[in-house]
Amino acid sequence: MQIFLDSANLDEIREAASWGILSGVTTNPTLIAKEKGVDFQSTIQEIASLVDGPISAETVSLDAEGMVREGREFAKWHPNVIVKVPSTPAGLKAVSRLASEGIRTNVTLIFNSTQALFAALAGAFVVSPFVGRIDDIGVDGIQLIREIADIYRQDPDIDTMILSASIRTPRHIVESAMAGAHIATCPFKVLEQSMKHPLTDSGIERFLADWKARQ
Ligand code: G3P
């Protein structure tokens, strides 16, 4: 399973990329808005210069025409740009139009497996089920990943990837992988938490103490 960073913060992206584990980046309007005073296009282009992989940029139109217009524009910014559209009937229309023009899409805000099936049939490159937000309402988010993986596996014509999104904990990464996700997009904080273990820290301390005390 691949790891993407869910962030528009260039420092975080630079740091995570330097670990050698990043295969792509996802952004959304909330993450872009958090980076005060930055221009959307130049942020996406800067990210694309730091990470050689799919970079999701999200449309804000509600109608298919608007999504297609925005998507065509984003696709000119960099060949690695993936156009993110919401899982709505208008989003499906935009996906099928963009796909026919060779523009890759990420269908986001997926909360059930029919949404994921329809996005794949419309020609989505990836779908983004929101694991954490499903857990937040007391339902099992990982179960949705499992269902989508089962459904996609049954149709050899589907090559849409499952991008597990709204990741809140290192456990979500592990369980997404085991449930059949191709990608997990993670906030930087979750990447840091994933590398933290008290036995690693105490092990380093012990090795250093023994090294210093050697004869
Ligand atoms: O980028 C979409 C998704 O990962 C958002 O996560 O934490 O806002 O539910 P969250």
Side-chain angles (χ1 to χ4, degrees), residues 1-13 15-17 21-36 38 40 43-44 46-48 50-51 53-62 67 70-71 74 77 80-88 91 94-95 104-113 115-116 119-120 124-145 148-149 160-177 179-194:
M1 188 184 71
Q2 295 185 341
I3 296 293
F4 283 18
L5 190 67
D6 196 26
S7 174
N9 182 282
L10 297 177
D11 291 334
E12 287 181 351
I13 295 167
E15 176 63 16
I21 61 163
L22 273 198
S23 299
V25 175
T26 51
T27 67
N28 62 37
T30 306
L31 294 170
I32 296 285
K34 256 167 77 178
E35 305 305 310
K36 301 263 178 256
V38 301
F40 186 24
T43 302
I44 294 294
E46 185 96 19
I47 296 172
L50 296 173
V51 178
I55 313 297
S56 288
E58 189 159 344
T59 58
V60 288
S61 299
L62 293 178
M67 290 177 204
E70 286 184 73
F74 299 171
W77 295 349
N80 284 347
V81 168
I82 308 296
V83 179
K84 214 169 171 187
V85 301
S87 175
T88 59
V95 166
R104 295 178 294 172
T105 53
N106 173 353
V107 178
T108 190
L109 292 162
I110 297 264
F111 291 97
N112 67 44
S113 33
Q115 289 179 313
F125 174 65
V126 285
V127 289
S128 294
F130 275 32
V131 170
R133 291 195 198 180
I134 295 174
D135 283 0
D136 288 346
I137 58 161
V139 183
D140 182 1
I142 294 295
Q143 179 55 26
L144 176 58
I145 303 289
I148 299 170
T160 303
M161 287 187 289
I162 305 167
L163 187 158
S164 190
S166 188
I167 294 282
R168 301 278 161 75
T169 63
R171 198 66 210 155
H172 272 157
I173 301 177
V174 174
E175 290 183 7
S176 294
H182 303 89
I183 304 159
T185 190
C186 314
F188 186 65
K189 190 181 81 180
V190 178
L191 294 187
E192 287 184 311
Q193 289 168 342
S194 301

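Residue numbers start at 1 and run along the sequence shown. Whatever order the structure lists them in is the order used to number ligands and atoms, beginning at 1. Being a predicted model, the structure only gives us computed values, none of them experimental.
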Discussion item. Testing the basics here: between F40 and A57, what is the closest heavy-atom pair and its distance to 0.1 Å?
Written reply: CZ-CB, 3.8 Å
Worksheet item: Can you name the side chain to side chain donor-acceptor pair (under 3.5 Å) partners of T108, sequence neighbours left out?
Response: none
Worksheet item: Which pair of non-hydrogen atoms, one from Q115 and one from L109, has the smallest distance, and what is that distance?
Response: OE1-O, 3.9 Å
Which donor-acceptor pairs under 3.5 Å do the side chains of residues 132-145 make with protein atoms, sequence neighbours left out?
residue : atom : partner : partner atom : Å
D135    : OD1  : G141    : N            : 2.8
D135    : OD2  : H172    : NE2          : 2.7
D136    : OD1  : R168    : NH1          : 3.1
D136    : OD2  : R168    : NH1          : 2.8
D140    : OD1  : I142    : N            : 3.1
D140    : OD1  : Q143    : N            : 3.4
Q143    : OE1  : R146    : NH1          : 2.5

Listing, residues 179-191 side-chain donor-acceptor contacts under 3.5 Å, not counting sequence neighbours, or none:
residue : atom : partner : partner atom : Å
H182    : ND1  : I162    : N            : 2.8
T185    : OG1  : D6      : N            : 3.4
T185    : OG1  : T26     : OG1          : 2.5

Discussion item. Taking non-hydrogen atoms within less than 4.0 Å of ligand 1, which protein residues qualify?
Written reply: D6, N28, K84, F130, R133, A165, S166, R168
Fill in: Evaluation steps, side-chain contact (heavy atoms from CB on, under 4.5 Å), between E35 and T43
CA-CA 9 Å; E35 305 305 310; T43 302; 5.7 Å; no
